[in-house]
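Quick caveat, the model's predicted, so the values are computed rather than measured. Per chain, numbering begins at 1; letters A, B, ... match sequence-line order.
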Amino acid sequence: MKYRAPKGVQDIFPPEVYVWQEVEKKAKEVFSVYGYSEVRTPIIEFTEVFTRSIGEDTDIVEKEMYTFSDRAGRSITLRPEGTASVVRAYVQHHLYNLPSPQKFFYLGPMFRYERPQKGRYRQFHQIGAECFGEDDPRVDAELIEMLKRFLEEVGLSGLNFELNSIGCRKCRPEYRDVLIGFLAERVEHLCNDCIRRYRRNPLRVLDCKLEGCRKTTESAPQIPDYLCTECKEHFGALQQYLQRLNVSYTVNPRMVRGLDYYTRTTFEVTSESLGAQNAVAAGGRYDGLVEEFGGPSTPAIGFAVGMERLTTLLMEQREIQPPGLLGFFATMGEEAEEKAFFLVSELRKKGFWVEMDYRGKSLKSQFRKADRLGSRYVFIIGEDEIQKGVIKYKRMSDGAQGEVPEEEFINFLTSV
RNA sequence: GUGAGCGUAGCUCAAUGGUUAGAGCACUGGACUGUGGCUCCAGGGGUUGUGGGUUCGAGUCCCAUCGCUCACCCCA
């Protein structure tokens, strides 16, 4: 094979593409009811947009970005996630001068240079939502409710909502110190990965899957216990509201997110059947990011849904219903073929999906083709029909046949 | 970046180191001269991922390389 797509990117064909279209449609429907407008930001940004927001020493920035120099020597990066671009756009266009909250959603491809595996690709797609300008816990609750509703509308079940608060710029450093103190006494019991995490990002040690590390960190101090009064209140109120909105969740005090910009609320939606990459959606609050980008201090919260992971689950849980072909024209003879050709054109103009045969094949093989295409009807035009001025039809589901005068054909189609 | 498993027809897979690499599905045609699905028959389709090596002989064994998959790291 001479050409193949680069590693970790994929072509999406029918029938999967119909699932994608349905998911995108549902997202637009649900999000718009919550006041979210679509925003389309570029796929490329100056590299600093990502390094500044995601964090210099995260894996994404350190080794996963598609970065290149453009012809003028500027460093450009293919977006590895959506939030940074939306925040950049929000600040660049001074949207903080508009009434708060400003609410946006986006969908499109993201790029990370990683080894692909189940649920992970180099080009992957996210649907995300961002809400700027409010720090009220009701906004957090509302956003999580919207995510839940979207996932339900799209037809997913068996999902777990996990919730945590990782504090703010004030209280997180304090907790961090306490945790480092705790870990320092037990470093020798940690795995090699965790020893590295301990130095680089100690909160991650809590997330380790290994039995040994889990055990040593069993009695570790937990973030929720070290939140400052404001963060504690915020987290408590959020939980109250979620309960009253009937959004069930579990608090996971060990959940940490990989991007530096998160503050307070973080959440993940996971599924058992996704393999190692089990998060369908994730998000959180990022109250410092707008300021970081040079805007006024502006609280914000958002999430992103992984399209590939979502559609993978959907295709496991549901049958895919491709759009149905209404009719297939089976013709006998050149005159009939010509007639069918222009008739097909007329019908499509009226919005009917019809197809025909162009190869002058046997009637039998035309029927076979119609059947294979899942056509509801076969319309037959041969010498007899032309002479009588009729079109013969056969309903494929039960084999019922009949004739319709040409001039009534459109009416006939409308009625079936 | 690290580790493991797997590469044979469009797809799913057979073939003890030994003739001309097979089967099912799919595709095309016929049995049925103007009627699909079911059945039967026939046909087209392959550089066994690639390159080297061992051997009288390699799809099979060895090495390298490329690709795919899963996992680690990390994340949607």
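Across all strands shown, F303(A) has no heavy atoms under 4.0 Å from either base or sugar-phosphate atoms. Across all strands, A279(A) comes closer than 4.0 Å only to sugar-phosphate atoms, never to a base (heavy-atom distances). Heavy atoms of R115(A) sit under 4.0 angstrom from at least one base atom. Using a 4.0 Å heavy-atom criterion, one finds that Q10(A) contacts no nucleic acid atom at all. Residue contacts for E308(A): at a heavy-atom cut-off of 4.0 Å it reaches no nucleic acid atom on any strand shown. If you check every strand for non-hydrogen atoms under 4.0 Å, L259(A) touches sugar and phosphate atoms only. Using a 4.0 Å heavy-atom distance criterion, E268(A) is classed as making no nucleic acid contact. Among the protein residues, V280(A) comes within range of the sugar-phosphate backbone only, with heavy atoms under 4.0 Å from sugar or phosphate atoms but none that close to a base. Note on G119(A): a base of the nucleic acid sits closer than 4.0 angstrom, heavy atoms only.
Note that R186(A) lies in the cation-pi zone of F182(A), set by a 6.0 Å cut-off to the ring centre and a 45° limit from the axis. Relative to the six-membered ring of F293(A), R52(A) misses at least one condition, a distance below 6.0 Å or an angle of at most 45° to the axis.
Between the CZ atom of F150(A) and the P atom of A76(B) there is a distance of 16 Å, given to the nearest Å. Summarising the geometry, the separation between CZ on F50(A) and P on C75(B) is reported as 17 Å, rounded to the nearest angstrom. When rounded to the nearest whole Å, the span between CG of D59(A) and C1' of G1(B) equals 11 Å. Put simply, CZ on F13(A) is 15 Å from C1' on C11(B), counting in whole angstrom units. For the pair I60(A) CD1 and C73(B) P, the interatomic distance rounds to 16 Å; values are reported in whole Å. Between the CZ atom of R309(A) and the P atom of C70(B) there is a distance of 12 Å, rounded to whole Å. Rounded to whole Å, the distance from CD on E114(A) to P on C70(B) is 14 Å. Atom OH in Y121(A) sits roughly 19 Å away from atom P in C75(B) (whole-Å rounding).
On the P atoms, U54(B) is 30 Å away from A14(B), given to the nearest whole Å. Annotation: C40(B) and G57(B) have their C1' atoms spaced 41 Å apart (nearest Å). Between G24(B) and C41(B), the distance separating the two P atoms is 9 Å to the nearest Å. U28(B) and U2(B) are spaced 47 Å apart, taking the P atom of each and rounding to whole Å. When the C1' atom is used for both U39(B) and G51(B), the distance is 48 Å, rounded to whole Å. For C13(B) and G37(B), the P atoms lie 28 Å apart once the distance is rounded to whole Å. One P atom belongs to C68(B), the other to U12(B), and the distance between them is 15 Å to the nearest Å. The P atoms of A26(B) and A21(B) are separated by 26 Å, rounded to the nearest whole Å.
With hydrogens and angles left out, the side chain of E62(A) and the base of G1(B) share no donor-acceptor pair within 3.5 Å. K118(A) contributes no side-chain N or O that forms a donor-acceptor pair with the base of U69(B) under 3.5 Å. Between the side chain of Q277(A) and the base of C74(B), at least one donor-acceptor pair of N or O atoms lies under 3.5 Å. Residue R112(A) places no side-chain atom within donor-acceptor reach of the base of C75(B), judged by atom type and a 3.5 Å distance cut-off alone. For a distance-only test at 3.5 Å, the side chain of Q366(A) fails to qualify as a donor-acceptor partner of the base of U35(B).
Checked against U28(B), C74(B), A76(B), the side chain of R257(A) finds its nearest nucleotide in A76(B). If you check G34(B), A71(B), C74(B) against the side chain of D384(A), the one that comes closest is G34(B).
With respect to the salt-bridge test (charged N to carboxylate O, under 4.0 angstrom), the residues E355(A) and R348(A) qualify.
Checking the phosphate oxygens (OP1, OP2) of U69(B), no side-chain nitrogen or oxygen of Q117(A) falls inside 4.0 Å. At least one side-chain nitrogen or oxygen of R197(A) sits closer than 4.0 Å to the OP1 or OP2 atom of C73(B).
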(request) Tell me, with the steps shown, if R120(A) and E114(A) meet salt bridge (charged side-chain N to carboxylate O under 4.0 Å, His left out). (result) CA-CA 8 Å; R120(A) 165 185 293 163; E114(A) 299 181 88; 3.4 Å; yes
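The closest side-chain donor-acceptor pair between T67(A) and T77(A) falls under 3.5 angstrom. Side chains of E162(A) and T250(A): no donor on one and acceptor on the other come within 3.5 Å. Using modelled atom types and a 3.5 Å distance limit, the side chains of N160(A) and E272(A) yield a donor-acceptor pair. In this structure, a donor-acceptor pair under 3.5 Å is present between the side chains of R254(A) and T217(A). Using modelled atom types, one finds a donor on one side chain and an acceptor on the other under 3.5 Å when comparing R149(A) with Y34(A).
Using cut-offs of 30° and 60° on the angle between ring planes, the pair F303(A) and F267(A) is perpendicular. Below 30°, between 30° and 60°, or above 60°: for W20(A) and H125(A) the angle between ring planes is above 60°, a perpendicular geometry.
Ranked by how close their nearest RNA chain B nucleotide is to the 5' end, N278(A) and G8(A) are led by G8(A).
You'll find the ring centres of F412(A) and Y393(A) inside the 6.0 Å limit. The aromatic ring centroids of Y175(A) and Y226(A) lie less than 6.0 Å from each other.
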(request) Determine, for nucleotides 36-46 of chain B in 5'-to-3' order, which nucleotides have protein heavy atoms under 4.0 Å from the base (write B), from only the sugar-phosphate (write S), or from neither (write -). (result) BB---------
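Stem analysis of RNA chain B (Watson-Crick or G-U pairs, both distances under 3.5 Å, runs of at least three) returns B:1-7 with B:66-72, B:10-13 with B:22-25, B:27-31 with B:39-43, B:49-53 with B:61-65.
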